[in-house]
Amino acid sequence: MDKTFNPQAIEQDCYADWESNGLFKASGEGEPYCILLPPPNVTGSLHMGHAFQHTIMDTLTRYHRMKGDNTLWQCGTDHAGIATQMVVERQLDAQGKSRHDLGREAFIEKVWDWKAESGGNITQQMRRLGTSPDWDREVFTMDENLSKAVTEVFVQLHKEGLIYRGKRLVNWDPVLHTAVSDLEVVNEEEAGHMWHMRYPLEDGSGELVVATTRPETMLGDTAVAVHPDDERYQGYIGKMIKLPLTGRLIPIIADDYVDQEFGTGCVKITPAHDFNDYDMGKRHDLEMINILTDDAKLNQEVPEAYRGLDRFEARERIVNDLDEKGILVKVEPHGLKVPRGDRSGAVIEPYLTDQWYVAVESLAKPAIDAVESGEIKFVPENWNKTYYQWMHNIQDWCISRQLWWGHRIPAWYDNEGNIYVGRDEASVRAENNLADDVQLAQDEDVLDTWFSSALWPFATMGWPDETPELDTFVPSSVLVTGFDIIFFWVARMIMMTKKFTGKIPFKEIYITGLIRDEQGDKMSKSKGNVLDPIDLIDGISLDALLEKRTGGMMQPQKAEKIAKRTRKQFPEGIASYGTDALRFTFAAMASTSRDINFDMGRVEGYRNFCNKIWNASRFVLMNTEDADTGKGASADSIELSMADQWIWARFYQTVGEFEQAISQYRFDIAAQALYEFTWNQFCDWYLELTKPILNAENSTEAQKRGTRHTLVNMLEQLMRLLHPVMPFITESIWQRVAPLTDCEMHDNASIMIQSFPAKPKQLDNTVLGDVEWLKKVIVGIRNIRGEMDISPNKPLSVILRNASEQDEQRFEAMSLYLTRMAKLDDVKVLAVNEKAPPSASAIVGDMEVLIPMAGLIDKDAELARIAKAMDKIEKDVLRTQGKLNNESFVSKAPAAVIEKEKAKLADASQQLHKLQEQEKTIRAL
RNA sequence: GCGUCUAUAGCUCAGUUGGUUAGAGCGCUACCUUGACAUGGUAGAGGUCCCCUGUUCGAGUCAGGGUAGACGCACCA
């Protein structure tokens with residue numbers, strides 16, 4: 001074995017073996033345990049958020065597999081309609097072509113080509129992360145079977161009237177030329193203006209001043225509204241306005257939507273281009289004049305001068321013209337929320353089109369109930385409030401997209417404009433008795449990507465066919481995902497799964513935090529702070545990292561700043577930390593917090609942890625590989641030392657802590673337990689405690705065998721415990737150590753399919769106390785050495801004063817450990833009344849550990865040390881006395897708490913007394 | 001406007017139903033190349049738990065108010 005851990009040397013081979021041996025498959029035995037992978041974009045690549053969530057899912061999957069559950073991690077990828085289509089369109093654009101030049105069929109073929117080219121990328125990266133989903137069950141949302149489910153759901157919902165087609169105002173992206181759902185629109189505060197304009201009455205008897213942030217929409221105004229109770233305008237209601245620039249006559253109407261306090265209290269109404277105006281238009285039966293084309297230019301409905309102008313250009317022209325005509329009263333700066341498409345960044349237009357909708361109200365009810373009843377639990381729990389808030393105000397879902405890449409809507413039109421929905425054209429004809437000569441054209445639109453994602457829990461299990469997987473793995477056990485897609489995905493899966501299977505899709509929803517950079521900023525290409533998980537695994541040179549961060553930028557002017565920052569943070573690039581260190585980091589950072597600032601220092605620390613494990617194993621193997629480890633030996637030929645018994649007891653405590661933490665999705669606590677045990681107990685103490693036995697001349701063969709037996713078996717079990725989080729290093733070490741134990745080894749033996757360490761029924765707690773005592777004595781002596789500046793190499797004589805019977809027994813039993821680990825050449829137990837020479841001292845319970853000062857210890861230094869210790873304890877004594885002297889504390893606090901305080905006071909007073917005695921003795925020298 | 005979250009060591013974060021002296025990692029200081037490991041060992045320093053008021057025998061933890069910041073939803077003529 002190498003002296004330092006080298007992850008590259010082991011990871012790839014390991015994975016190939018697992019996969020080719022079929023170890024990722026559900027066993028078919030035991031309790032079902034299932035996790036659904038949130039399908040990543042098929043042509044995407046693995047980012048830190050994926051790596052984080054996948055680590056958690058894989059840890060759960062591996063843990064449950066080892067626990068003997070029938071464990072399935074169902075994986076797959078998403079066709080990601082808009083995102084993928086945009087990528088391919090950009091490629092075409094580079095060749096000076098648009099998708100329309102190719103035509104629908106050829107374009108879609110291009111997308112499939114792109115999928116074939118880049119589609120394996122993210123799944124290969126997942127393999128690098130060590131994830132263990134059942135790859136043979138991998139599905140793609142546009143696979144035949146999933147598409148079948150999509151059609152089936154659409155047809156059934158349509159039949160029930162829950163999918164309908166309607167002309168309504170939608171969020172229109174004028175760059176992508178498609179409708180998008182409410183969720184795909186982000187409203188950001190931007191600086192704008194408020195224009196006030198005079199609208200003259202038709203009869204010339206006056207005017208109303210209206211204010212707007214979008215003056216160009218005035219060309220589509222079909223009313224002006226005032227509040228019905230507004231005294232200022234009582235005389236105006238019902239009169240007509242002559243709309244400037246167009247000369248159209250529009251009514252003044254009264255509607256209590258109008259806020260009298262805001263602006264002038266008069267609102268221009270443009271029903272075809274504003275959601276509120278649309279509602280008002282419906283209420284008052286107003287004309288709806290669409291003045292825009294689908295790329296947001298003014299259309300034929302407007303005066304000739306403005307036709308064909310882009311909306312922003314038109315705004316300028318109209319404002320100018322109004323100003324010239326004296327219609328513009330004033331312009332004020334005004335902050336407003338601007339709706340933009342989350343993909344294109346374009347300003348979204350409310351636009352009147354025909355679209356398909358899902359009527360969600362009846363679907364939402366059972367989905368709300370499922371969470372309210374506790375059948376589905378959010379972890380952390382308060383996310384259910386976010387869920388309820390959205391679900392209780394849910395709007396119908398616009399599911400049609402004017403794209404080409406996606407599931408084509410299963411609807412056909414005849415020449416009369418009749419719509420037929422069905423599984424395919426033939427069944428539409430059959431079901432509707434349409435003659436062969438009736439021409440049918442399929443709807444051009446495709447479905448929102450999230451429509452197919454919503455079916456993930458059951459469509460991946462074979463629905464609409466009746467399959468065993470539907471029975472076994474629906475509901476799945478837990479969904480691991482981010483809060484950013486609770487509405488997009490989680491809520492819709494609950495609705496659809498309830499609707500079509502009658503079951504919930506998952507029992508728990510573990511909402512992870514969002515990975516941010518070390519300063520708490522979101523990672524983004526434009527900020528240049530993106531970390532690629534693969535680069536943390538393999539390492540990357542500074543040059544390559546700079547190229548990655550600054551190459552092909554949308555805003556090249558930022559490149560220099562990014563390069564500077566990158567050079568500063570990674571002057572030598574990024575080191576190779578290996579998968580296990582990265583995974584451990586993610587686990588350790590997975591607390592309940594919603595933002596997780598990724599700290600490179602943690603990765604480095606856990607890389608060191610891997611190295612520690614590696615070297616501990618090296619030590620174990622060095623001492624056992626060519627020796628008798630008691631394999632197959634009878635129990636009576638193996639003599640376990642106190643240290644051996646202690647480490648087992650400590651180990652199972654840790655197993656308990658780990659399992660408890662995992663059951664609550666506290667991966668940070670679980671990781672902490674693993675780290676603490678492995679480093680601070682196993683390495684720092686246990687391995688050191690084996691050395692005296694292995695090296696002592698007078699150890700018996702049974703004792704040495706016992707120690708070796710514990711070394712290999714402990715390490716073997718520890719690897720199992722660590723395996724769910726750190727699959728590679730544990731497999732690699734396990735392969736070496738398991739043959740030294742009684743584990744059954746066959747050709748395809750892997751740690752992956754060993755059972756998880758199980759706590760024996762009885763744990764001997766007495767050894768725990770014994771070894772804790774030993775540790776205290778050793779630490780006390782080391783402390784004196786450290787603070788007195790006595791070389792660790794200098795052997796010391798030690799005297800134990802006021803030792804109880806138990807102290808003496810413990811000393812007898814562990815003197816070998818004590819003398820070796822504290823480097824003592826002599827230990828003497830002082831008899832009662834026997835005088836000790838002047839000494840430095842450490843206190844362990846009632847016992848004092850004395851190190852004679854002669855020739856070793858500086859009087860002043862020891863006095864200083866005692867003063868420091870007394871200071872600490874004095875404060876303690878005072879605080880405790882204060883509490884116990886407080887009558888209300890004594891009368892009101894629970895007895896157990898008072899007892900504790902009393903014991904504490906007694907202990908502290910005794911220690912203080914001893915320190916005072918020591919001080920007197922030393923001062924007298 | 002409605003709702004959610006965060007504030008603890010220089011940095012990144014734990015801290016359970018209120019109850020020992022508030023913890024970890026990194027960083028820092030001193031010493032140590034000891035046959036597993038310097039990606040290491042030993043010892044140590046470092047805290048006004050954001051502020052105020054309250055409840056309580058007792059508050060980092062609970063309540064009210066405030067400050068600073070993050071996010072979601074709705075609305076903004």
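Letters A, B, ... mirror the listed sequences (proteins, then strands); counts begin at 1. Not measured: the values here are computed from a predicted model.
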Subject >> A36(B) base / E688(A) side chain donor-acceptor hit below 3.5 Å >> reply: yes

For nucleotides [N] and [M], find the distance between their [atom1] atoms and express it as a whole number of Å.
N: A14(B); M: A68(B); atom1: C1'; answer: 23 Å
N: U16(B); M: U53(B); atom1: C1'; answer: 27 Å
N: G18(B); M: G58(B); atom1: C1'; answer: 8 Å
N: G3(B); M: U39(B); atom1: C1'; answer: 47 Å
N: A24(B); M: G41(B); atom1: P; answer: 15 Å
N: U20(B); M: A30(B); atom1: P; answer: 35 Å
N: U29(B); M: C13(B); atom1: P; answer: 24 Å
N: U55(B); M: A43(B); atom1: C1'; answer: 44 Å

Reckon [X] touches a base, only the sugar-phosphate, or nothing at all at heavy-atom distances under 4.0 Å?
X: K875(A); value: nothing
X: N793(A); value: nothing
X: C683(A); value: base
X: R820(A); value: nothing
X: V210(A); value: nothing
X: Y257(A); value: sugar-phosphate
X: M194(A); value: sugar-phosphate
X: S593(A); value: sugar-phosphate
X: V620(A); value: nothing
X: S617(A); value: nothing

Original post:
Which ones in residues 380-389 of chain A lie close to RNA chain B, meaning a heavy atom under 4.0 Å from one of its atoms?
Top reply: N382(A), K385(A), Q389(A)

Taking only the side-chain heavy atoms of [X] (C-beta and beyond), determine which of [options] contains the nearest atom.
X: L687(A); options: A36(B), C13(B), C57(B); result: A36(B)
X: K337(A); options: A74(B), C73(B), C37(B); result: A74(B)
X: S591(A); options: C13(B), U20(B), G19(B); result: C13(B)
X: V779(A); options: A36(B), A43(B), C73(B); result: A43(B)
X: D599(A); options: A36(B), G19(B), G25(B); result: G25(B)
X: N783(A); options: A43(B), A14(B), U21(B); result: A43(B)

Original post:
Closest approach of R198(A) and P244(A), non-hydrogen atoms and distance?
Top reply: O-CG, 3.8 Å

Subject >> Minimal non-hydrogen separation, A223(A) against I253(A), with atom names >> reply: CB-CD1, 4.1 Å

Original post:
Can R283(A) and D255(A) be counted as an ion pair, charged N to O under 4.0 angstrom?
Top reply: yes

**OP:** Give a yes or no on whether a salt bridge exists between K868(A) and D871(A), defined as a side-chain N under 4.0 angstrom from a carboxylate O.
**Re:** no

side-chain N/O [X] vs [N] OP1/OP2, d < 4.0 Å:
X: R602(A); N: A14(B); result: no
X: N597(A); N: C13(B); result: yes
X: K522(A); N: A70(B); result: no
X: K892(A); N: C57(B); result: yes
X: R785(A); N: C31(B); result: no

Subject >> Between Q389(A) and T386(A): side-chain donor-acceptor atoms closer than 3.5 Å >> reply: no

**OP:** Indicate whether any N or O donor in one side chain lies under 3.5 Å from an N or O acceptor in the other, for S888(A) and N886(A).
**Re:** yes

Original post:
Do the ring planes of Y236(A) and Y233(A) sit parallel (below 30°), tilted (30 to 60°) or perpendicular (above 60°)?
Top reply: perpendicular

Subject >> Worked check of side chain to side chain contact (heavy atoms under 4.5 Å, CB included) between Y577(A) and T585(A) >> reply: CA-CA 11 Å; Y577(A) 295 110; T585(A) 308; over 6 Å; no

Subject >> Between C1' of U42(B) and CH2 of W685(A), the distance in whole Å >> reply: 10 Å

Residues forming a side chain to side chain donor-acceptor pair (under 3.5 Å) with [X], sequence neighbours excluded:
X: Y817(A); result: S641(A)
X: N695(A); result: none
X: K872(A); result: none
X: Q260(A); result: H227(A)

**OP:** Output the distance between atom CD1 (I669(A)) and atom CD (Q660(A)), rounded to the nearest 0.5 Å.
**Re:** 9.0 Å

**OP:** Please figure out whether A225(A) or K691(A) has its closest RNA chain B nucleotide nearer the 5' end.
**Re:** K691(A)

Original post:
With sequence neighbours left out, what residues match F570(A) under ring-ring contact (aromatic ring centres under 6.0 Å, His included)?
Top reply: none

Subject >> Residues which pass salt bridge (charged side-chain N to carboxylate O under 4.0 Å, His left out) with R666(A), listed by chain and number, not counting sequence neighbours >> reply: D668(A)

Subject >> Residues in salt bridge (charged side-chain N to carboxylate O under 4.0 Å, His left out) contact with K823(A), at least two apart in sequence or another chain >> reply: none

Is there any protein nitrogen or oxygen under 3.5 Å from a nitrogen or oxygen in nucleotides 58-60 of chain B, and what are the pairs?
none

Original post:
Which string of ( ) [ ] | and . matches RNA chain B, if you list each base 5' to 3' and count Watson-Crick or G-U pairs only when both distances are under 3.5 Å?
Top reply: (((((((..((((.....[...)))).(((((.......))))).....(((((..]....))))))))))))....

Distances under 3.5 Å only, N/O to N/O: pair up the protein atoms with those of nucleotides 39-41 of chain B.
unit_1	atom_1	unit_2	atom_2	d
U39(B)	O4'	N608(A)	OD1	3.0
U39(B)	O2'	N611(A)	ND2	2.6
U39(B)	O2	R607(A)	NE	3.1
U39(B)	O2	N608(A)	OD1	3.4
G40(B)	OP1	N608(A)	ND2	3.1
G40(B)	O3'	K612(A)	NZ	3.1
G41(B)	OP1	K612(A)	NZ	3.1
G41(B)	OP1	W679(A)	NE1	2.5

**OP:** Hey, could you give me each pair passing ring-ring contact (aromatic ring centres under 6.0 Å, His included) that has a residue in residues 590-616 of chain A? Not counting sequence neighbours.
**Re:** F5(A)-W614(A), F584(A)-Y606(A), F584(A)-F609(A), F586(A)-F598(A), Y606(A)-Y675(A), F609(A)-Y675(A)

